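Worksheet: the structure to be examined is printed underneath.
Model, not experiment: these values are computed from the prediction. Along the sequence shown, residues are numbered consecutively beginning with 1.
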Amino acid sequence: FDLARLQRGPALVTEFMARPLDSTLINSLPVLKHHGAWGYTWGLFQGRSNTHVPWNTWLETDFGKDHPWFHDVFHPNGTAYDPEEVKSLWWHTT
């Protein structure tokens with residue numbers, strides 16, 4: 001599928017992060033770049049929006065502290081959740 005051939009402007013993909021399903025910045029950014037699409041992650045810093053927890057937490061609240069984050073990229077203090085992902089942000093956006 002070639003988004004550029006549609007000639008409708010850039011595509012904005014908002015649902016590409018789901019780390020427990022192996023959808024990470026590291027493996028999603030090259031695909032977005034290849035297709036000329038923009039990616040929007042729902043959470044940048046872990047906070048009150050709880051975008052680091054799985055989607056089904058309104059049904060199941062026991063997901064464990066070691067469960068991979070869904071969307072967020074940084075801890076509240078600014079350190080990276082996964083430093084390799086932050087490197088990939090730099091690599092694929094320059």
Side-chain angles (χ1 to χ4, degrees):
F1 183 66
D2 187 1
L3 294 172
R5 287 195 338 214
L6 295 176
Q7 298 178 348
R8 298 177 110 178
L12 176 61
V13 181
T14 62
E15 294 292 337
F16 69 93
M17 284 285 287
R19 287 185 186 101
L21 302 174
D22 199 32
S23 180
T24 65
L25 288 174
I26 291 172
N27 57 23
S28 296
L29 289 176
V31 175
L32 292 169
K33 188 173 185 176
H34 172 78
H35 289 288
W38 299 352
Y40 176 86
T41 182
W42 285 102
L44 187 59
F45 286 87
Q46 179 190 24
R48 292 184 302 214
S49 63
N50 286 329
T51 51
H52 68 288
V53 297
W55 294 322
N56 63 347
T57 55
W58 60 278
L59 293 173
E60 301 172 28
T61 57
D62 186 26
F63 57 90
K65 293 198 185 291
D66 295 332
H67 198 276
W69 286 7
F70 251 62
H71 298 288
D72 297 357
V73 180
F74 296 101
H75 291 276
N77 66 5
T79 59
Y81 170 74
D82 181 347
E84 292 302 312
E85 280 190 339
V86 174
K87 286 180 190 175
S88 74
L89 279 172
W90 179 85
W91 182 256
H92 292 289
T93 57
T94 58

| remark: Scanning both residues in full, the closest heavy-atom pair of H67 with P20 reads CE1-CG, 3.4 Å
| What heavy-atom pair brings V86 and F74 nearest, and what distance separates the two atoms? | CG2-CE2, 3.8 Å
| message | Are the side chains of W69 and D82 in contact, using a 4.5 Å heavy-atom criterion? | response | no
| Shortest non-hydrogen contact from T41 toward F16 | N-CE2, 4.2 Å
| request: Keeping the roles fixed (side chain from S28, backbone from T24), state whether a donor-acceptor pair exists under 3.5 Å. | output: yes
| Interatomic spacing from CZ in F45 to CG in N77 - rounded to 0.5 Å | 9.0 Å
| field | side chain to side chain contact (heavy atoms under 4.5 Å, CB included) assessment of L12 paired with W38 | value | CA-CA 5 Å; L12 176 61; W38 299 352; 3.9 Å; yes
| Option passing side-chain contact (heavy atoms from CB on, under 4.5 Å) with H71 (candidates R19, Q46, M17) | M17
| note | dist K87:NZ -> L89:CG (nearest 0.5 Å) comes out at 12.5 Å
| V13 and L29: same hydrophobic cluster, using ILVMFWY side-chain contacts below 4.5 Å? | yes
| request: Please report the closest heavy-atom contact between P30 and L25, naming both atoms and the distance. | output: CD-O, 4.2 Å
| message | Looking at every non-hydrogen atom in both residues, tell me the closest pair between W42 and T14 and how far apart they are. | response | NE1-O, 2.9 Å
| request: Specify the closest pair of heavy atoms between D72 and G43, including all atoms of both residues, with the distance to one decimal. | output: OD1-CA, 3.0 Å
